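Throughout, a chain's letter reflects where its sequence line sits, starting with A, and its residues are numbered from 1. Here the structure is a predicted model, which is why all the values come from computation and not from measurement.
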Amino acid sequence: MYQPNKIEPKWQKFWAKNNYKIWHAQDKPKGKHIYILDMFPYPSGEGLHVGHIEGYTASDILSRYYRMKGFEVLHPMGWDAFGLPAENYALHTKKNPKQVVAQNIKYFRKQLQQMGFSYDWQREINTTDPNYYKWTQWIFLQLYKNGLAYEDEVPVNWCPSCKTVLADEEVVEGRCERCGTAAVRKKLKQWILKITAMADRLLKDLDLLDWPARVKTMQKNWIGRSEGFDVEFKVVGQDAYVKVFTTRVDTIFGVTYLVLAPEHELVQKITKENYQDEVKDYVKKALQKSDFERLSAGKEKSGVFTGAYAINPSNRERVPIWVSDYALINYGTGAIMGVPRHDERDLAFAEQFHLPVKEVVVSDGTLINSGPFDGTPYKKAQEKIALYVGAKKTVRYKLRDWIFSRQRYWGEPIPIIKCEKCGLVPLKESQLPLKLPEIKKYEPTGKNESPLADISSWVNVKCPRCKGPAKREVNTMPQWAGSSWYFLRYLDPKDNKKLVDLKKEKAWMPVDIYIGGVEHAVLHLLYARFWHKLLYDLKIVSTPEPFVRLINQGIILGEDGEKMSKSRGNVISPNDIIKKYGADSLRMYEMFMGPLPFAKPWNSQGIIGVYRFLNRVWSLVSNSDLPLREAPPAGGRQSSPNKNGLEITPEAKKKLKENLKEIEKARHKTIKKVTEDIENLRFNTAISTLMEYVNQLYEVPREKINKQHKETLVLLLSPFAPHLAEELWQAALKHRKSVGLERWPVFKSELAEENSFILAVQINGKIRDKIKAQKGIDEVQAQKIARESKKVKKYLDKQKIKKVIFVKDRLINFVTEIKNNK
RNA sequence: GCGGACGUGGUGAAAUUGGAAAACACAUAGGACUUAGGAUCCUAUGCCGAAAGGUUUGUGGGUUCGAGUCCCACCGUCCGCACCA
């Protein structure tokens with residue numbers, strides 16, 4: 001009997017010998033090599049999820065396959081362990097985050113090993129290990145030295161529940177990505193990374209990548225490049241200008257008002273005396289609003305008049321200046337020109353406050369009411385109008401700089417010292433790692449600082465420059481820091497002198513295949529690309545992009561078709577499945593469910609299908625648990641071989657011989673198809689091909705199946721179900737080395753091809769007969785065969801053939817004069 | 001609202017890219033073997049029909065000898081963005 005719970009631990013132990021030496025990759029591979037990477041997990045308290053297993057199985061199949069193809073394969077694993085989930089879990093269980101993380105990692109590692117994933121455990125990394133985060137801090141210093149890290153007091157998103165600042169990327173629909181609490185605005189002094197400096201490169205280099213279109217689009221939209229013009233409007237009676245950004249400078253003659261964002265510095269300055277109270281009141285309220293409240297206002301606009309006017313540079317008209325929170329301070333110039341006739345939002349605003357609406361572009365695209373430009377197509381007029389009003393061509397991005405400080409304990413300390421005399425003083429590289437101190441109270445304080453602020457022995461230091469009293473930066477880095485470069489550390493995980501040895505880096509980078517969920521599209525994947533570009537500029541790495549090819553696995557839904565969640569009670573636990581059916585069945589089922597990128601609902605019955613299949617493979621190859629296929633094939637045929645199979649009728653003998661020939665052909669076809677499917681990541685059809693092969697083997701008496709038939713099956717199956725394959729390879733087929741070290745089987749093209757085919761005979765495009773024919777026959781032969789068919793004759797009788805379409809090895813279509821179908 | 005993807009049996013899905021629709025599984029029904037079966041094996045299974053045959057890829061149209069695949073319109077589902085000037 002196939003007993004996964006017996007054989008799986010046995011082979012897991014076998015693979016674990018010498019710290020998994022069997023899967024250890026060379027530092028500098030000489031021949032063909034491939035870097036296959038998983039998005040490393042966050043070791044939360046819940047353990048591995050079926051979603052992790054989906055992606056990890058896919059990458060494991062590829063890794064095992066490429067090893068057998070003779071590639072040196074780098075397939076590492078590690079832990080992304082800093083950040084809120086681990087810390088919150090620690091708070092919740094009243095344990096120390098360090099302990100919690102160690103415990104969770106242990107559990108995760110065990111689960112991954114139970115799945116039989118072929119990781120190179122000698123390269124395991126952990127982002128919370130000081131030997132690791134030394135280099136995260138080192139990269140921060142490089143960012144600082146290159147002007148890409150700065151401190152500034154800016155309005156930021158604050159999560160009142162997590163008690164920390166959030167990056168824009170971590171705020172989804174105005175809510176904290178982690179806990180769902182509405183984020184509020186706060187003005188805080190923060191470390192900020194200048195990702196906008198790389199905006200253009202991050203956008204352009206997307207062209208170098210073989211990534212899912214939707215991820216590229218998301219990054220493109222997130223970066224949000226737009227070309228336009230900055231235009232200045234002189235404020236009437238004051239020495240001030242309102243600078244606006246517009247992509248439609250050609251509509252400037254249609255401007256009927258200007259809007260300043262509530263935070264705009266000019267607001268106070270230009271507001272007229274008797275409007276001050278009202279404006280101040282509005283600004284105050286606007287600043288208190290959370291992003292969520294601002295968003296939920298929808299089309300409803302609010303605003304207040306400042307009493308001031310500006311001169312429209314195009315037509316010298318006086319236009320009122322308003323304040324409204326629909327103008328955003330952190331995009332463009334924080335001020336906009338209102339063109340109600342040609343902008344939906346402006347129209348809503350104008351209607352609400354009864355401001356004039358002026359048409360300047362008519363439906364055929366030519367300008368009116370535009371002075372000297374009347375009658376010109378608006379697109380052509382852009383540059384000229386810009387010149388006319390003294391506008392300056394500008395490129396703006398939606399992308400904003402990355403707010404990098406977190407007011408929490410469990411993160412990398414920022415290696416900066418603040419001295420009253422010398423200002424910001426970065427630590428020397430030799431002083432890294434700056435270790436996160438052990439601490440008793442690590443609850444977030446909510447006081448805009450991390451709990452590190454309370455440890456005076458750690459905070460108070462001598463300034464490295466002037467030796468005077470100074471303080472350490474007390475905030476920590478966000479969860480995304482450690483994951484922005486981890487794929488490099490796998491190449492050289494123990495190097496204390498360098499982040500990564502350049503030779504090793506050159507040998508392996510870039511990552512050839514990166515598999516993970518789509519949820520990181522504008523977070524991790526954008527941040528990692530950003531850091532990589534700095535490292536590229538510093539010649540630490542040799543490629544401008546870290547991940548050449550990205551594959552998103554689709555999420556696995558609960559049996560009810562809904563997203564798995566504790567509250568819905570539809571979570572499938574991998575442990576339960578392994579217990580019942582074994583890791584191999586779990587791996588295969590997740591691959592068999594459907595194409596890797598699809599969202600797929602779990603089906604408890606479905607896994608039984610692959611479990612049965614593995615049972616059939618086991619009994620076939622190990623020659624036990626017969627039932628052999630000795631009964632008559634089908635339809636209750638009379639002349640069948642008798643039970644012991646000794647007396648065989650000539651008819652059955654002939655059939656058997658044909659069967660065996662067919663099986664050999666099937667073997668080659670199976671190799672071909674499975675190979676192609678794996679290379680194209682079509683694991684579901686690779687598995688169904690293996691099933692078909694096994695079904696065919698069951699068609700012939702067991703004793704007629706030779707060793708090669710079985711070996712091919714085991715080899716092809718081994719990336720999918722490695723434990724079973726190992727058991728069959730070593731225990732049943734008596735081989736001495738691991739099936740994973742064997743060579744992938746090869747096929748002969750001439751045997752993988754059928755030499756006959758079914759000729760589809762169509763009359764006017766309708767199938768009327770299907771006739772078996774030799775491959776390669778020409779049209780004349782095909783016509784002859786087709787015309788002999790009674791069925792075809794019936795239809796062709798008395799019909800005049802107008803045209804014959806012949807498709808080689810496929811079909812012949814007779815088109816007749818009178819179309820009797822339509 | 002804008003952008004993208006998708007729509008095939010009772011279910012998950014296949015379909016060499018314009019050439020036999022529904023492979024492989026699940027489920028269901030019948031049978032075999034069994035003390036027993038929720039194990040295993042066999043058979044059937046898109047729909048209508050006893051059969052011959054007809055018919056079928058969200059709906060409607062188009063291109064073509066031929067459309068699940070290409071084009072147009074509509075309906076529906078999912079995802080992303082969402083005051084970005």
Side-chain angles (χ1 to χ4, degrees), chain A residues 1 173 212-215 217-218 220-222 224-226 228 244-248 251 259 294-295 297-301 324-328 330-339 342-346 348-349 396-400 518 521-522 561 589 592-595 597-610 612-613 615-616 619 625-636 673 676 682 684-692 694-695 698 757-767 769-770 802-816 819:
Chain A
M1 249 190 87
E173 289 182 352
R214 118 178 126 130
V215 177
T217 309
M218 277 165 81
K220 239 175 238 169
N221 292 342
W222 190 261
R225 183 182 199 272
S226 37
V244 304
F245 173 67
T246 178
T247 53
R248 292 293 307 276
T251 63
V259 181
R294 273 179 130 178
L295 280 172
K299 280 193 177 154
E300 201 87 346
K301 300 268 182 288
S324 169
D325 64 6
Y326 93 92
L328 306 172
N330 43 16
Y331 183 75
T333 59
I336 52 180
M337 58 184 214
V339 188
H342 304 291
D343 184 286
E344 223 179 298
R345 297 149 302 181
D346 294 348
F349 188 82
R396 302 268 179 193
Y397 299 91
K398 281 206 281 192
L399 183 72
R400 279 155 213 165
V518 73
V522 291
Y589 175 57
F592 185 61
M593 287 170 88
F598 281 30
K600 301 160 283 252
W602 184 269
N603 180 346
S604 294
Q605 294 298 329
I607 194 163
I608 290 173
V610 296
R612 273 184 203 145
F613 166 70
N615 266 288
R616 278 157 71 82
S619 97
D625 284 355
L626 317 173
L628 290 183
R629 172 66 136 82
E630 286 154 325
K673 183 73 167 40
E676 286 169 359
R682 289 190 300 239
N684 55 330
T685 49
I687 291 170
S688 57
T689 304
L690 288 169
M691 287 172 166
E692 281 180 88
V694 169
N695 289 347
Y698 268 77
F757 74 103
I758 305 293
L759 177 72
V761 184
Q762 299 183 339
I763 286 131
N764 295 323
K766 284 213 170 221
I767 302 275
D769 203 2
K770 299 164 187 177
K802 214 168 84 183
K803 198 170 165 189
V804 178
I805 312 276
F806 174 68
V807 181
K808 206 182 154 203
D809 296 345
R810 210 162 296 251
L811 61 78
I812 186 153
N813 185 11
F814 296 96
V815 184
T816 65
K819 281 197 172 183

Is there a Watson-Crick or G-U wobble partner for [N] with both distances under 3.5 Å, and if so, which one is it?
| N | answer |
| --- | --- |
| B:rG49 | none |
| B:rG18 | none |
| B:rC6 | B:rG76 |
| B:rA29 | B:rU43 |
| B:rA36 | none |

Close side-chain approach of A:Q762 to A:F814, heavy-atom, < 4.5 Å
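SC-SC contact between A:Q762 and A:F814 ruled out.
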Applying a 4.0 Å non-hydrogen cut-off, can you work out what A:T246 is touching in the nucleic acid: base, sugar-phosphate, or nothing?
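Result for A:T246 = sugar-phosphate.
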Starting from [atom2] on [N], measure out to [atom1] on [X] and report it in whole angstrom.
| X | N | atom1 | atom2 | result |
| --- | --- | --- | --- | --- |
| A:R400 | B:rA82 | CZ | C1' | 12 Å |
| A:E344 | B:rC2 | CD | P | 8 Å |
| A:M1 | B:rU40 | CE | P | 9 Å |
| A:D325 | B:rC83 | CG | C1' | 9 Å |
| A:Y589 | B:rA13 | OH | C1' | 11 Å |
| A:I763 | B:rG54 | CD1 | C1' | 16 Å |
| A:W222 | B:rC81 | CH2 | C1' | 9 Å |
| A:N330 | B:rC83 | CG | C1' | 12 Å |

Measuring only the [atom1] atom in each nucleotide, how far is [N] from [M]? A whole number of Å is fine.
| N | M | atom1 | result |
| --- | --- | --- | --- |
| B:rC71 | B:rU63 | C1' | 7 Å |
| B:rG49 | B:rU34 | P | 39 Å |
| B:rC75 | B:rU59 | C1' | 7 Å |
| B:rA50 | B:rA39 | P | 34 Å |
| B:rA13 | B:rC78 | P | 15 Å |
| B:rG66 | B:rA20 | P | 15 Å |
| B:rU45 | B:rA23 | C1' | 15 Å |
| B:rA67 | B:rA5 | P | 25 Å |

Of A:I805 and A:T333, whose closest RNA chain B nucleotide lies nearer the 5' terminus?
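Per heavy-atom nearest nucleotide, the more 5' residue is A:I805.
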Can you find an N or O donor on one side and an acceptor on the other, under 3.5 Å apart, linking the side chain of A:K301 with the base of B:rC83?
yes
Which of the following nucleotides, [options], is nearest to the side chain of [X]?
| X | options | result |
| --- | --- | --- |
| A:L328 | B:rG19, B:rA85, B:rC79 | B:rA85 |
| A:N813 | B:rG66, B:rG12, B:rC83 | B:rG66 |
| A:T247 | B:rA85, B:rC79, B:rG19 | B:rA85 |

Is the backbone N or O of [Y] less than 3.5 Å from a side-chain atom of [X], with the two atoms forming a donor-acceptor pair by type?
| X | Y | result |
| --- | --- | --- |
| A:Y698 | A:R616 | yes |
| A:K600 | A:P595 | yes |
| A:Y589 | A:N603 | yes |
| A:R396 | A:R225 | no |
| A:D769 | A:V761 | no |
| A:N221 | A:G224 | no |
| A:D346 | A:V339 | yes |

Distance check: side-chain N/O of A:Y331 vs OP1/OP2 of B:rA85, anything under 4.0 Å?
yes
Would you say A:K398 places a side-chain N or O within less than 4.0 Å of OP1 or OP2 belonging to B:rA82?
no
Walk along nucleotides 20-30 of chain B from 5' to 3' and tag each nucleotide B, S or - by protein heavy-atom contact under 4.0 Å, base first, then sugar-phosphate.
B--BBSSS---
For B:rU40, decide between syn and anti, treating a glycosidic angle within 90° of 0 as syn.
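The base of B:rU40 is oriented anti (glycosidic angle more than 90° from 0).
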Syn/anti state of B:rG62 by chi, 90° boundary around 0
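That one's anti.
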Quick check for you: to the nearest 0.5 Å, what is the distance between A:T217 atom OG1 and A:K220 atom NZ?
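A:T217 atom OG1 to A:K220 atom NZ measures 6.0 Å (nearest 0.5 Å).
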Distance to the ring centre below 6.0 angstrom and angle to the axis at most 45 degrees; does that hold for A:K301 and A:Y326?
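So A:K301 does make the cation-pi contact.
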